[in-house]
Amino acid sequence: MTTQILIAGFGGQGVLFAGKFLAYKGLLEDKQLSWLPSYGPEMRGGTANCSVIISDEPVGSPIVSKPDVLVVMNLPSLDKYENDVVPGGKIFVDSTLIERKVERTDVDVYYIPATQLAIDIGAPTLANMIMTGKVIKETGVVSYDGIEQTLTKIISARKANLKDINFKALETGYNA
Amino acid sequence: MSEKVLMKGNEAIAEAAIRAGCLHYFGYPITPQTELAAYMAKRMPKIEGGVFLQAESEIAAINMVYGVSATGKRVMTSSSSPGVSLKQEGISYIAGSDLPALIVNVQRGGPGLGGIQPSQSDYFQATKGGGHGDYHLIVLTPASVQEMADLTGLAFELADKYRMPAMLLADGTMGQMMEPVELPETKPELIDKPWALTGTGMKREHNIVNSLYLVPEQLEKTNLERYERYKLVEENEVRYESFMMDDADVCVVAFGIAARVSKNAVVEARKQGIKAGLIRPITVWPFPKKALAKAAETCKAFVSVELSMGQMIEDINLAIKCSKPVSLCNRVGGMIPSPEEVLESIKKAAGGNE
């Protein structure tokens with residue numbers, strides 16, 4: 001099975017990190033994968049996205065143009081990518097920041113007030129990980145087991161104090 | 001076997017270079033290759049004898065490479081398209097002095113300052129010389145982060161073996177993407193370099209590293225000798241991957257990111273009953289001429305998939321002596337063809353000749 005994921009939002013929301021987390025989790029599960037960021041004149045407040053492919057087979061093109069899973073954390077991203085999702089795909093919407101509903105009727109949609117939930121747990125910058133927790137729950141693209149080890153792997157020793165709060169954010173998203 | 005780690009292509013090149021015994025890096029930052037220089041800046045000072053130097057320009061950096069290479073040490077520089085253009089004079093001098101070195105080009109769209117998104121439009125520059133004079137580089141084209149690492153080690157080996165500069169011709173996608181990679185062991189096999197400038201110790205004649213020969217007979221001789229070596233490279237060092245070619249009617253030819261996209265298209269074409277295959281040159285100089293000539297015996301048509309206005313397509317036509325139609329499927333300026341676009345070209349190629 002191959003799952004093509006596109007995560008998009010404003011620069012600074014951690015969309016690249018969310019993708020990196022899924023990629024690392026896939027790596028630790030011995031899956032094939034690729035992670036490709038948008039790069040260039042992006043900056044905090046600009047748009048950013050990343051393509052993540054997790055598969056049981058070698059990954060061909062790392063570019064996701066027709067995502068199975070779309071995660072959007074701002075309105076421009078929903079506007080831009082909504083119609084690219086494959087029929088039967090899944091769209092995850094941060095409903096704190098995106099007021100409108102998804103117009104497609106041939107996809108599963110999950111509205112998560114991720115930014116509000118992040119504020120509620122005292123981690124206002126971790127809406128990305130709340131979204132990621134929900135993605136893991138609803139897609140099973142990677143397993144929820146072992147997410148702590150993945151965090152240990154991905155968060156540098158210098159920032160080790162952030163591990164617990166990231167875990168909490170993932171947990172909150174998973175149970176949202 | 002070492003553990004697989006997740007790395008950007010740019011970082012994988014840097015780590016693989018260090019593990020290949022390259023302790024000297026000279027460069028100047030440019031998107032989309034900067035992570036390579038940044039990695040070197042971080043790691044080199046922690047390694048005994050390691051040198052990272054951000055030069056004042058690309059021209060300075062390549063001449064520092066020239067200098068270190070003359071001492072027999074493994075050395076490299078990296079840049080992206082406009083920066084590699086600046087390095088061409090130095091590369092010609094390095095080739096003219098018969099020195100090994102690694103130059104990495106993580107290509108972006110051009111010409112001029114162009115853009116910062118991926119491209120393959122420096123193919124001519126890389127494979128046909130680039131600077132002045134008769135010379136070649138060994139040009140390797142990675143199509144995965146694993147190959148970014150593996151081909152880095154190979155490039156150093158081949159450069160040392162044949163005393164010529166090697167180039168890793170990557171693109172922005174390869175540089176920026178992360179994939180699991182198994183890094184090579186830190187046991188570089190270094191060969192003797194009796195020509196190196198290491199000090200005579202008053203025990204031997206001076207070695208001279210030079211590209212200036214004012215006597216035409218001498219200059220001709222060095223050129224002829226160099227081309228004898230190039231002939232060996234062409235005989236021994238051609239590398240390519242063949243995918244679903246056994247019974248292929250349509251042969252897609254692509255390298256780097258274009259090959260990744262093309263592979264998807266070939267698989268889809270097969271699902272739709274079209275016998276497509278892919279030849280992926282891993283060396284674009286030397287070019288896999290024989291493999292293509294052989295494919296031309298049985299294939300009906302070729303499709304060259306490139307992120308350029310059609311550069312490799314000329315080498316394909318030369319390799320198969322224009323015996324079969326070769327069509328071009330391309331996007332430029334930082335755009336990448338989609339698997340659907342490649343599939344469309346495969347369909348046209350398959351149908352057009354029946």
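Within every chain, numbering begins at 1; the chains are lettered A, B, ... in the order of the sequence lines, protein sequences first and strands thereafter.
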Side chain / backbone / both / neither for [X] at chain A, heavy atoms under 4.5 Å:
X         : value
Thr173(B) : both
Val267(B) : neither
Lys4(B)   : both
Pro118(B) : both

Classify the side-chain pair [X]/[Y] by whether it contains a donor and acceptor separated by less than 3.5 Å.
X         : Y         : value
Thr152(A) : Gln149(A) : no
Asp122(B) : Ser81(B)  : yes
Ser308(B) : Glu306(B) : yes

field: Part of Val52(A) within contact of chain B (heavy atom distance under 4.5 Å)
entry: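 The answer is neither part of Val52(A).
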task: Tell me, for Ile63(A) versus chain B, whether the close heavy atoms (under 4.5 Å) come from the side chain, the backbone, both or neither.
output: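 Side chain only.
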query: Honestly, is Lys90(A) close enough over Tyr110(A), meaning NZ or CZ under 6.0 Å from the six-membered ring centre and within 45° of the axis?
result: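 The answer is no, since Lys90(A) fails at least one limit relative to Tyr110(A).
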message: When you measure from the centre of the six-membered ring of Phe243(B), is the NZ or CZ of Lys263(B) closer than 6.0 Å and no more than 45° off the axis?
response: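 The answer is yes, since Lys263(B) meets both limits relative to Phe243(B).
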field: Identified side chain to side chain contact (heavy atoms under 4.5 Å, CB included) partner of Pro67(A) from the options Ile7(A), Leu6(A), Ile5(A)
entry: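 Of all the options given, the one that passes is Leu6(A).
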query: Using a cut-off of under 4.5 Å for heavy-atom pairs, which of Ser65(A), Gly19(A), Pro37(A), Gly26(A) has the most such pairs with chain B?
result: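 Ranked by contacts with chain B, first place is Pro37(A).
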